[in-house]
There are 2 protein chains.
Amino acid sequence: MSEAPLPAIRSLPSWLLGRAAARGRTLVAEALAEEDMRMWHHVVLSAVRDLGPVAQADLGRGIGLDPKDLVGILDDLQSADLVVREPDPKDRRKNAVSLTARGARLLKRCEKAARAANDELLAPLSAAEREQFTDMLRRISGTAG
Amino acid sequence: MSEAPLPAIRSLPSWLLGRAAARGRTLVAEALAEEDMRMWHHVVLSAVRDLGPVAQADLGRGIGLDPKDLVGILDDLQSADLVVREPDPKDRRKNAVSLTARGARLLKRCEKAARAANDELLAPLSAAEREQFTDMLRRISGTAG
DNA sequence: ATGAATTCGTCGGTAAGTCCAACGATCACC
DNA sequence: GGTGATCGTTGGACTTACCGACGAATTCAT
């Protein structure tokens, strides 16, 4: 209860950003856990749907995930019959990763859960503020748009 | 350069928040590295100054750091003559942690570096927007104020 | 005052996440 | 056709966060 001020640290945007991100990560992780999914699994699933049949390297670059770690995620998803790796006939080095029907179905549930978690995260903000906030975040995050 | 759209994931605030926080952490870490400091070392140093002579448990609670991890950080800081642990005469379980003159001096340089990194992080935002942004962050981050 | 419960600093280990180096296989280029 | 680059994959190093347990010391209840 007796929260000391700590003005210096708490006024640093990078500090607040880290705390807010941690809270968001926890909320989303908890929501996804009810579908037996982890954050990266959801992200990969979503990216696979958006990018259609896609090579793993492109996939990893698109979401900023190390190729090695992507292998493990895809192994999990493929074992659960959520995605398929097929050899790309045009380039036999590549795997064409696509969503299965099961994957598409689960993805929708994950998105619903993630949206609910985000609503809870942004609860202290009005609708207009949320739009502003995400817009600013988009500019700051360095994700080239 | 060939940035695919990925609309679903990139519109999630929790995702953008994570990316922005990662960028902020990297920028701050790089800036602090020039003073041979890590993020938590800077945070602890700042909190020690703000909280005066403080017990380790209170210190850890104030910044949300595990007591065990705090031990290591304080060991480093004390070895570098930046803080001192003195036995609290009123409660011999506690260590009264205080800043040394060296610590105060280094902290100022760290704060300057951290502020510069934050300016770079928030460069895409106008001054008014930065104020708005940090205010929203403060509400979202869940740090009781 | 004496015993029980709590808090303190410290040590231990686990689990997850991030990053880099290297390899065989395949492709692109000139 | 030989060289360099890219692909998926494997291995390991490093960091971070988190939880439980312990002796020492304090507080509280009786």
Side-chain angles (χ1 to χ4, degrees), chain A residues 1-2 14-15 18-19 21-26 28-30 32-33 36-44 48 51 53-79 83-98, chain B residues 2 14-15 18-19 21-26 28-30 32-33 37-44 48 51 53-79 83-98:
Chain A
M1 300 308 158
S2 66
S14 56
W15 170 260
R19 301 282 293 182
R23 203 169 91 90
R25 196 206 304 268
T26 300
V28 172
E30 284 173 354
L32 289 178
D36 282 312
M37 290 282 282
R38 300 239 198 62
M39 203 185 60
W40 278 118
H41 296 232
H42 171 216
V43 170
V44 169
V48 168
L51 301 178
V54 60
Q56 294 182 200
D58 294 333
L59 194 49
R61 277 190 289 264
I63 58 181
L65 182 62
D66 191 281
K68 151 168 179 129
D69 306 324
L70 183 55
V71 171
I73 305 283
L74 285 178
D75 286 348
D76 296 343
L77 295 177
Q78 192 162 22
S79 298
V83 302
V84 277
R85 280 190 266 211
E86 298 170 305
D88 183 344
K90 302 187 61 174
D91 188 338
R92 289 192 316 222
R93 294 171 301 178
K94 299 184 180 178
N95 284 340
V97 184
S98 325
Chain B
S2 67
S14 57
W15 170 259
R19 301 280 295 183
R23 204 169 91 89
R25 179 171 19 219
T26 301
V28 172
E30 285 172 354
L32 289 178
M37 290 283 281
R38 309 278 245 353
M39 204 185 58
W40 278 119
H41 297 231
H42 171 214
V43 171
V44 169
V48 168
L51 300 179
V54 60
Q56 295 183 200
D58 294 333
L59 194 50
R61 275 190 290 263
I63 58 181
L65 183 62
D66 190 282
K68 148 157 183 149
D69 304 326
L70 182 55
V71 171
I73 304 282
L74 285 178
D75 286 348
D76 295 343
L77 294 177
Q78 192 162 23
S79 298
V83 302
V84 277
R85 280 191 266 213
E86 299 169 305
D88 183 344
K90 300 189 62 177
D91 188 339
R92 293 199 314 236
R93 295 171 302 176
K94 300 185 180 179
N95 284 339
V97 184
S98 325

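A note on names: the letters A, B, ... follow the listed sequences, proteins ahead of strands, and every chain is numbered from 1.
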Between dG12(C) (C1') and L70(B) (CG): distance, integer Å: 17 Å
CZ of R23(A) versus P of dA17(D): gap in Å, rounded? 18 Å
Starting at CH2 of W40(B), measure out to CG of D76(B) and round the result to the nearest 0.5 Å. 14.5 Å
In whole Å, I'd like the distance from the CZ atom of R19(A) to the P atom of dA17(D). 10 Å
CD-CG distance between Q56(A) and D88(A), expressed to the nearest 0.5 angstrom: 11.5 Å
Lys/Arg-Asp/Glu bridge criterion (N-O < 4.0 Å) met for R93(B), D91(B): yes
Within this structure, what is the CG-CE distance for the pair L32(A) and M39(A), rounded to the nearest 0.5 Å? 9.0 Å
Write down the protein N/O and nucleotide N/O pairs, taken from nucleotides 2-5 of chain C, whose separation is under 3.5 Å; answer none if there are no such pairs.
none

NZ-CG distance between K94(A) and L59(A), expressed to the nearest 0.5 angstrom: 12.5 Å
From CG of L59(B) over to P of dT7(C), roughly how many Å is that when rounded to an integer? 18 Å
Euclidean distance, atom CG of residue D75(B) to atom C1' of dT10(C) [Å, nearest integer]: 9 Å
What is the per-nucleotide protein-contact pattern of nucleotides 17-26 of chain C, from the 5' end, where B denotes a base atom under 4.0 Å from a protein heavy atom, S denotes such proximity for sugar-phosphate atoms only, and - denotes neither? -BBB-----B
Atom pair distance, as rounded to whole Å: CG in D88(B) and P in dT26(D): 9 Å
Verify the contact: side-chain N or O of R85(B) to OP1 or OP2 of dT10(C), cut-off strictly under 4.0 Å; return yes or no. yes
Got a second to check how far L74(A)'s CG is from D69(A)'s CG, nearest 0.5 Å? 11.0 Å
Would you say that V44(A) contacts I63(A) through its side chain, given a criterion of any heavy-atom pair below 4.5 Å between the two side chains? yes
Return the angle between end axes of the helix from dA1(C)-dT30(D) to dC30(C)-dG1(D), with five pairs used per end and rounding to 10°. 30°
Would you say Q56(B) reaches dC8(C)'s phosphate, i.e. side-chain N/O to OP1/OP2 under 4.0 Å? no
Nearest whole angstrom, please: distance from the P of dC27(C) to the CG of D58(A). 16 Å
Locate the shortest heavy-atom distance separating A21(A) from A21(B); write the atom from each residue and the value. CB-CB, 3.5 Å
Over 12 non-hydrogen atoms of neighbours within 6.0 angstrom of CZ in R25(A): no
Between I73(A) and Q78(A), does a side chain to side chain contact (heavy atoms under 4.5 Å, CB included) hold up when you go through it step by step? CA-CA 9 Å; I73(A) 305 283; Q78(A) 192 162 22; over 6 Å; no
Rounded to whole Å, the CD1-P distance (I73(B) to dT15(D)) equals 12 Å
Nearest 0.5 Å please: distance from the NZ atom of K68(A) over to the CG atom of L70(A). 12.0 Å
Reckon A22(A) touches a base, only the sugar-phosphate, or nothing at all at heavy-atom distances under 4.0 Å? nothing
